[in-house]
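Reviewing the structure listed below.
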There are 2 protein chains.
Amino acid sequence: MSNLDEVVDFKSINNSCKSCHSAKFCLVQNLKDKDLMDFNSIVKRRKPLQRGERLFQSGDVFHSVYIVHSGSVKITIESSDGEQQITGFYFPGDLVGVDGFENSSHVYTVETLDTSSFCEISVKQFEAAAKKIPLLQQQFFKLISREIRHEQELMLLLGRMDSRRRLASFLVAMSSQLQAQGYSSHSINLSMTRHDIANYLGLAIETVSRLLTTFQNNDVLDVMRRNITIKDQRKLHGIAENRPEEECMLEKSA
Amino acid sequence: MSNLDEVVDFKSINNSCKSCHSAKFCLVQNLKDKDLMDFNSIVKRRKPLQRGERLFQSGDVFHSVYIVHSGSVKITIESSDGEQQITGFYFPGDLVGVDGFENSSHVYTVETLDTSSFCEISVKQFEAAAKKIPLLQQQFFKLISREIRHEQELMLLLGRMDSRRRLASFLVAMSSQLQAQGYSSHSINLSMTRHDIANYLGLAIETVSRLLTTFQNNDVLDVMRRNITIKDQRKLHGIAENRPEEECMLEKSA
DNA sequence: CGATGTATTGAACTCGATCAAACAGTGTGG
DNA sequence: CCACACTGTTTGATCGAGTTCAATACATCG
């Protein structure tokens, strides 16, 4: 694929919220055609980023918010002594970058998990557009609210759940994420490493690995590297919601 | 104090962002007098809530956001099996209730830690006002951004820090919270119980108690029930930031 | 092929939880 | 005024889930 292809692709995509298949979960959902056109003019599509590249990082000047268009990202923050915590995984239709409003600089870092592209929305232009399109404003609040809910759920997980619940909850969330996007809800193809999962869940990588094996031995999952098949949705939900009945899990034996 | 007093107090306060001493940290900071008057007309001040009362709770219909005017609150969420996690403490000038935009219902519960009052802002009216007053919109985003930053920091704490760092970080945050409000930064009068602190930090109440004693024995703090005096800011920061040098802490001995 | 990054498994240890009991303030009523 | 209960807090002793350290397996790629 030549550079030329890339550029052309680029231009044709640029004004295409209408043809975007994540438009139905994203900021523009429910927007009327006319408003969509208006909004489209302020959206910039950047060249896709490769796995491991950063959309922006902690401390960067804040000028835009972004919608994930394709691929997936992790959000991380760093502590004063250099340790990192992943605070979220985000997928097509999700909004990232709202952390920048407070001090005009970003507090978290957004890094791609695979090749990913983004719709960039300049804050200045957005504020003007929001004034003209009330629904856009409302949708924006909805997406922020969704980010806040994700964070609330992660805090609950990190503060109160044991390791089994954490992993089960994570898999349930991944599953319903896929379902919302129209994919199969029982076949998960993880874009993140065990290391990322462990960090996100506040666990050691070994614990995640062991739990996956245990789940597999108890016919809850089928684990093949990054491909995970949910064999028993009911049991998995049982673990995630800590329902004692379905907790008939055996150690290490099949 | 009679009922009459209460009502009068009430009315006179109602249009008084100008005279409110938390106005400089809250939504209205930097607003021009004219805009302030406009905004004032859409703000409702409710009768103060007593300690333990709820401003709203998970599942309630979402119609307003609130600024804490006086007192303090905790935000909690509940897991499917009924366990609660405190995800934040909020103080005068802070915004709560932004969790409701996603599904028009609240995901978290806001409960007062002491007698507290709130400025209620109807979402519908706010959206209209924001259109007319661009700065108001910007301030609103700033406060949301602040909430997100708080959450990011708590996730980092819950995911990566050991118990000593958690407690030290909490005290540092409380201290700078007080300082920002113009109070002494080394004399903390906690409005929350040990139980709340422990829950917030993802620890057992006994662990918090033991750590407070240890800190006291090492001349970092002076603990007298809910009154905590920071005797050694440098050391406390050292623990919070995990700097090995200042970690010369002895067990159980003075 | 060896080399590298990623993942699994095993064994020992540790931090913080849990269980249990005592202690300290605060109010209540006799 | 003191006995009583009640709630919140401290302290002690024990235990276990999950970490850490270490070794091995596995896949991908030069």
Side-chain angles (χ1 to χ4, degrees), chain A residues 50-52 74 83 85-86 113-114 157-170 188-218 221-228 239 242 247 249 251-254, chain B residues 51-52 74 83 85-86 113-114 157-170 188-218 221-228 239 242 247 249-254:
Chain A
Q50 297 303 304
R51 172 187 157 78
K74 60 178 172 186
E83 276 205 283
Q85 169 71 30
I86 298 176
L113 294 171
D114 43 23
L157 180 145
L158 291 171
R160 299 255 81 76
M161 297 185 188
D162 64 17
S163 60
R164 288 156 22 110
R165 277 190 86 180
R166 292 186 195 197
L167 186 61
S169 300
F170 167 72
I188 305 175
N189 199 336
L190 297 171
S191 55
M192 63 288 285
T193 65
R194 296 279 189 278
H195 183 84
D196 285 341
I197 298 171
N199 181 294
Y200 177 67
L201 299 176
L203 299 171
I205 186 171
E206 294 93 331
T207 307
V208 171
S209 194
R210 273 184 255 272
L211 282 171
L212 284 173
T213 331
T214 310
F215 286 178
Q216 172 155 267
N217 288 344
N218 289 270
L221 302 177
D222 226 0
V223 184
M224 284 187 62
R225 295 186 56 71
R226 303 237 183 134
N227 292 292
I228 292 181
I239 301 167
N242 203 26
E247 280 198 77
M249 310 211 55
E251 300 290 315
K252 300 186 181 188
S253 57
Chain B
R51 173 186 156 80
K74 59 178 173 186
E83 275 205 284
Q85 169 72 28
I86 298 176
L113 294 171
D114 43 23
L157 180 146
L158 291 171
R160 300 256 80 75
M161 297 185 187
D162 65 17
S163 60
R164 287 156 23 110
R165 277 190 87 181
R166 290 186 197 198
L167 187 62
S169 301
F170 167 72
I188 305 175
N189 198 334
L190 297 171
S191 55
M192 62 290 284
T193 64
R194 297 277 189 280
H195 184 84
D196 285 340
I197 299 171
N199 182 294
Y200 177 67
L201 299 176
L203 298 172
I205 185 172
E206 295 92 332
T207 306
V208 172
S209 192
R210 272 184 257 272
L211 283 171
L212 284 173
T213 328
T214 310
F215 286 178
Q216 172 154 270
N217 288 344
N218 288 270
L221 302 176
D222 225 0
V223 183
M224 284 187 60
R225 296 183 57 69
R226 303 236 184 133
N227 290 294
I228 292 181
I239 302 167
N242 203 26
E247 281 197 75
M249 309 211 55
L250 304 166
E251 299 291 315
K252 301 189 179 187
S253 58

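In what follows, every heavy atom counts, from backbone to side chain, and hydrogens, waters and symmetry copies are set aside. The sequence lines fix the lettering, A, B, ..., with proteins before strands; numbering per chain opens at 1.
Counting non-hydrogen atoms under 4.0 angstrom, B/Arg166 reaches nothing in the nucleic acid.
Taking atom CG of A/Leu221 as the reference point, atom P of C/dA7 lies 16 Å away to the nearest angstrom. Put simply, CE on A/Met161 is 18 Å from P on D/dA17, counting in whole angstrom units. In this structure, the CZ atom of B/Arg160 is 15 Å from the P atom of D/dG18, given to the nearest Å. One atom, CZ of B/Arg194, and another, C1' of C/dC23, lie 14 Å apart when rounded to the nearest Å. Computed from coordinates, the A/Arg164 CZ to D/dG18 P distance equals 9 Å when rounded to whole Å. As rounded to whole Å, 13 Å separates atom P of C/dC19 from atom CZ of B/Arg210. Note: CZ (B/Arg225) to C1' (C/dT26) measures 9 Å, nearest angstrom. C/dC15 atom C1' lies 9 Å from atom CG of B/Asp162, rounded to whole Å.
Contact check, B/Ser163 against C/dG16: a side-chain N or O comes under 4.0 Å of OP1 or OP2. For C/dG5, the OP1/OP2 oxygens have no side-chain nitrogen or oxygen of A/Thr193 closer than 4.0 Å. A sub-4.0 Å separation between OP1 or OP2 of D/dT11 and a side-chain N or O of B/Ser209 is absent.
Atom CG in B/Asn242 sits 6.5 Å away from atom CG in B/Asp162 (nearest 0.5 Å).
Residues meeting the salt bridge (charged side-chain N to carboxylate O under 4.0 Å, His left out) test with A/Arg194, sequence neighbours left out: none. The salt bridge (charged side-chain N to carboxylate O under 4.0 Å, His left out) search around A/Glu83 returns B/Arg160, not counting sequence neighbours. Residues passing the side chain to side chain donor-acceptor pair (under 3.5 Å) test with B/Asn189, sequence neighbours excluded: B/Asn227. In this structure, the salt bridge (charged side-chain N to carboxylate O under 4.0 Å, His left out) partners of B/Arg165, at least two apart in sequence or on a different chain, are A/Asp81.
Each salt bridge (charged side-chain N to carboxylate O under 4.0 Å, His left out) pair with one or both residues in residues 198-207 of chain B, not counting sequence neighbours, would appear here, but there are none.
Scanning residues 196-208 of chain A for heavy-atom distances under 4.0 Å to DNA chain D yields A/Gly202, A/Leu203, A/Ala204, A/Glu206, A/Thr207.
Counting only heavy atoms from C-beta outward, the side chains of B/Leu201 and B/Leu157 approach each other to under 4.5 Å.
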